[in-house]
There are 2 protein chains.
Amino acid sequence: MPSGGLDEVDRELVRLLAIDGRMPNNALAEATGIAPSTCLTRVRALRERGVIRGFHADVDLGALGQPLQALIAIRIGAHSRDEIDRFRAKVPGLPGVLSLFHVSGANDYLLHVAASTPDALREFVLDHLTADPAVAHAETSLIFEHVRGAEPNLTGV
Amino acid sequence: MPSGGLDEVDRELVRLLAIDGRMPNNALAEATGIAPSTCLTRVRALRERGVIRGFHADVDLGALGQPLQALIAIRIGAHSRDEIDRFRAKVPGLPGVLSLFHVSGANDYLLHVAASTPDALREFVLDHLTADPAVAHAETSLIFEHVRGAEPNLTGV
DNA sequence: TTTGAAACTGTTTAGAG
DNA sequence: CTCTAAACAGTTTCAAA
């Protein structure tokens, strides 16, 4: 049950930073029982190794004028690899896109988007999904509630 | 198209912190053309108002021994409100749970989880979902790829 | 790799506009 | 609500182990 060259201290640093990405180096050092300089070196190493990919503010999209969220199940219409790649490449850049999941099963992609109004959402689907030749079908589900996992909180959805 | 009492500067601060949650106050101030002290006040206010909910490290779960991710579509078996509430309350605390979406449509919940091995995933589903009296059906889709939105990057999946 | 201590940089407070 | 400036805290480097 090990974890690719991470020791106890590394895992604790990761855990703490996943909970509070702005925890000061000092505090991290004390919490893990190492010197601040050592702590700095380790956190840098974790970033360089890609264990920590970045730090992000968790923003309330509603406060930013995007109170609606949806998950859109997308089926690709058996086309060329090129067309699929194009779709995959364009989607993350579309306005309001939070995440794109490529999944196994009946659907090919699951798209998590934010929108300002039902109309904006509808336009998003029509303009960018339905209209795309790679897309065979798109089924939109509104998100009533979105709760993060309580434990380590090891991701950024 | 406004955003609940946020001015231009606030929105820019939020945008920058969503991209880099560790951007120094100095740099934020310069980037937005205000004094560091003012910047500090504003960022604090954004946190207090809940516009910024927190700061988190974005962690590579694979590096932490959880290389598998899945989305599990869950249908609730038309039970009492209490039972649904209990389900809703327990899930975020289950091991490996990243996010729980309550959605409209054929499925009631969409659960985003991480696991170490296919077996661990199977056990998770059997022990915590299939076995739960509130759950009528659970359909697991493996996540092949998960891409974040490129724009503001305004969330933390 | 680790560290303590110095040098430095960024943060925070306070006081005034 | 904003700013400048001073006080403070945290970060980072570096030489040594």
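Every value quoted in this text rests on a predicted model; they were computed, and no experiment measured them. Because only heavy atoms are used, hydrogens play no part in the values below, and waters and symmetry mates are left out as well, while side chains stay in. Residue numbers begin at 1 in each chain, while the letters A, B, ... track the order of the sequences.
Salt bridge absent: A/D58 and B/R47 never bring a charged side-chain N and a carboxylate O closer than 4.0 Å. Under a 4.0 Å N-O distance rule, the pair A/R88/A/D108 does not qualify as a salt bridge. Between B/D82 and B/R86, no side-chain nitrogen of the basic residue sits less than 4.0 Å from a carboxylate oxygen of the acidic one, so the salt-bridge criterion is not met. Checked for salt-bridge contact, B/D60 and A/R49 miss the test: no charged N lies under 4.0 Å from a carboxylate O. Between A/D7 and A/R11 there is no salt bridge, since no side-chain N of the basic residue sits under 4.0 Å from a carboxylate O of the acidic one.
Here the shortest heavy-atom pairing between B/C39 and B/I34 reads CA-CD1, 3.5 Å. Minimum interatomic distance between B/L71 and A/V103 (heavy atoms only, all atoms of both residues): CD1-CG1, 3.8 Å.
Checked against the 6.0 Å centroid criterion, the rings of B/F87 and B/Y109 qualify as a close aromatic pair.
Of the residues in residues 21-29 of chain B, not one places a heavy atom less than 4.0 Å from an atom of DNA chain D.
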Sort me out a list of protein N/O and nucleotides 13-17 of chain D N/O pairs below 3.5 Å, or just none if empty.
| unit_1 | atom_1 | unit_2 | atom_2 | d |
| --- | --- | --- | --- | --- |
| D/dT13 | OP2 | A/R44 | NH2 | 2.8 |

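With rounding to the nearest 0.5 Å, the separation of CZ in A/R42 from CD in A/E12 is 11.5 Å.
Ring pair A/H112/A/H146 is perpendicular by interplanar angle, where above 60° counts as perpendicular and below 30° as parallel.
Contact annotation for A/A35: backbone-only contact, meaning every heavy-atom pair under 4.0 Å involves sugar-phosphate atoms and none involves a base.
When DNA chain C is scanned in the 5' to 3' direction for atoms under 4.0 Å from non-hydrogen atoms of chain B, the outermost contacting nucleotides are C/dG10 to C/dT13.
Counting to the nearest Å, the P atom of D/dC1 and the CD atom of B/E48 are 11 Å from each other.
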